[in-house]
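Everything on this sheet refers to the single structure shown next.
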Amino acid sequence: MLSTPSKFIRPLVRELHPYVYGEQPKIKGLIKLNTNENPYPPSPKVLAAVKAAVDGRLRLYPNPTAQGLREKLAKLHGCRPDNIIVGNGSDELLALATRAFVEPRPNSKTAKGTVQYFTPSYSLYPVLADIHGAAKNEVPLQPDFSLPGLAELKRGKQWDFDAALTFVTTPNAPSGHGYLTKELEKLCRAQKGVVVLDEAYVDFAEEDALKLALKLPQVLVARTFSKAYSLCFQRVGYFIGHRDLIAALHKIRDSYNVNGLGQVAAVATLGDLPYYRARFKKIIATRAWLGRELTKTGFRVLPSQSNFILARPPRFAASEWQPKLRAGKILVRWFNLPGVKDYLRITVGTAAEAAALVRAVRGILQ
Ligand SMILES: *Cc1c(COP(=O)(O)O)cnc(C)c1O
């Protein structure tokens with residue numbers, strides 16, 4: 001017998017496995033390389049704009065459609081404001097896409113079900129499908145985390161070209177593998193449902209696929225201010241795509257889904273892009289240094305186009321390395337998932353943080 005409160009909860013919710021967060025520790029002096037946050041603070045102009053906005057106006061509702069921000073984003077990306085929806089982080093928009101485009105229980109020939117994604121990729125996608133009660137289709141990437149080609153997907157018979165919604169993390173997380181726009185385009189053109197290209201880490205990559213969202217009606221590109229623009233705390237992300245898909249998402253979002261200080265911070269960020277671009281260069285340079293140094297100590301480091309690296313450690317299992325590094329006050333991420341459980345995912349921090357990691361690694365190996 002279920003206890004009384006439990007019986008009020010839908011079976012789907014009772015049995016749900018929620019998303020597993022990276023640890024957000026309060027321990028002083030810990031070097032945090034586990035959740036791919038930017039090691040550099042937001043620009044001084046952004047901090048000043050947020051501080052200046054904290055006054056009696058906090059009593060007012062924010063702009064319901066993030067109008068000012070969408071206008072600035074439209075200029076930046078060469079599209080119109082009605083090609084853009086802003087969310088409370090891109091996570092909110094990934095959830096809205098699941099609700100807007102996927103039938104949980106398809107009951108006709110035209111209604112499409114199924115949320116589809118490659119494994120490994122962003123571990124939120126299966127949770128979103130489960131919350132919605134939708135079918136999932138997981139298809140493995142190649143062993144080196146590259147995308148299978150169309151011919152291979154057809155041959156494998158596992159890939160669903162009719163899936164209502166396909167999520168592609170590009171560059172991939174947790175591997176950091178970058179994808180060429182021309183391979184993404186082939187995949188998108190072959191899909192009969194919506195494709196979300198999740199570009200959370202694209203500022204650290206060689207190519208972006210934004211033009212596909214403005215060219216193909218079934219493609220949405222997801223971007224976020226969290227990682228590259230040092231605004232995880234503020235929760236601002238956006239989708240770009242065909243105005244009809246964007247309008248459908250606007251219909252089902254909360255009325256005031258993006259908080260006012262987040263809108264202020266994001267607008268100020270767009271006014272100071274050179275500050276951020278200079279830091280992307282530093283992070284990319286540190287990524288190369290860290291990869292070389294870890295390779296010297298016996299790690300197998302995969303090529304990365306993001307602000308983290310996936311690396312297979314020597315001597316001990318990755319699951320043992322994680323607590324050993326933590327004891328040395330360095331936090332990295334280990335995923336107990338097929339294909340990546342022999343690896344550590346390490347966020348590229350500042351040059352000093354990367355040097356501290358390499359010192360800790362050498363200490364553990366001695
Ligand atoms: C961090 C992350 C997101 C979510 O970003 P928010 O805008 O902070 O919600 C989306 N996709 C991927 C792949 C991420 O790593």
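Keep in mind the model is a prediction, meaning the values are calculated, not measured. Order of appearance sets the numbers: ligands from 1, and atoms from 1 within every ligand.
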Review point. What does the list of residues with a heavy atom under 4.0 Å from ligand 1 look like, ordered by chain and number?
Key: G89, S90, D91, Y122, T169, D198, A200, Y201, T224, S226, K227, R235
**Study point:** K32 bridged to E37 by N-O distance under 4.0 Å
**Key:** yes
Point to revise | Pair E185 + K215, salt bridge at N-O below 4.0 Å | key: yes
**Study point:** Centroid-centroid distance, Y117 to Y122, less than 6.0 Å
**Key:** no
Exercise for review: Share the residues that join Y61 in a hydrophobic cluster, the rule being Ile, Leu, Val, Met, Phe, Trp or Tyr side chains under 4.5 Å apart at the heavy-atom level.
Suggested key: Y256
Practice item. To the nearest 0.5 Å, tell me how far L141 CG sits from D144 CG. Key: 9.0 Å
Review point. Which pair of heavy atoms, one from V301 and one from T295, lies closest together, and at what distance?
Key: CG2-OG1, 3.7 Å
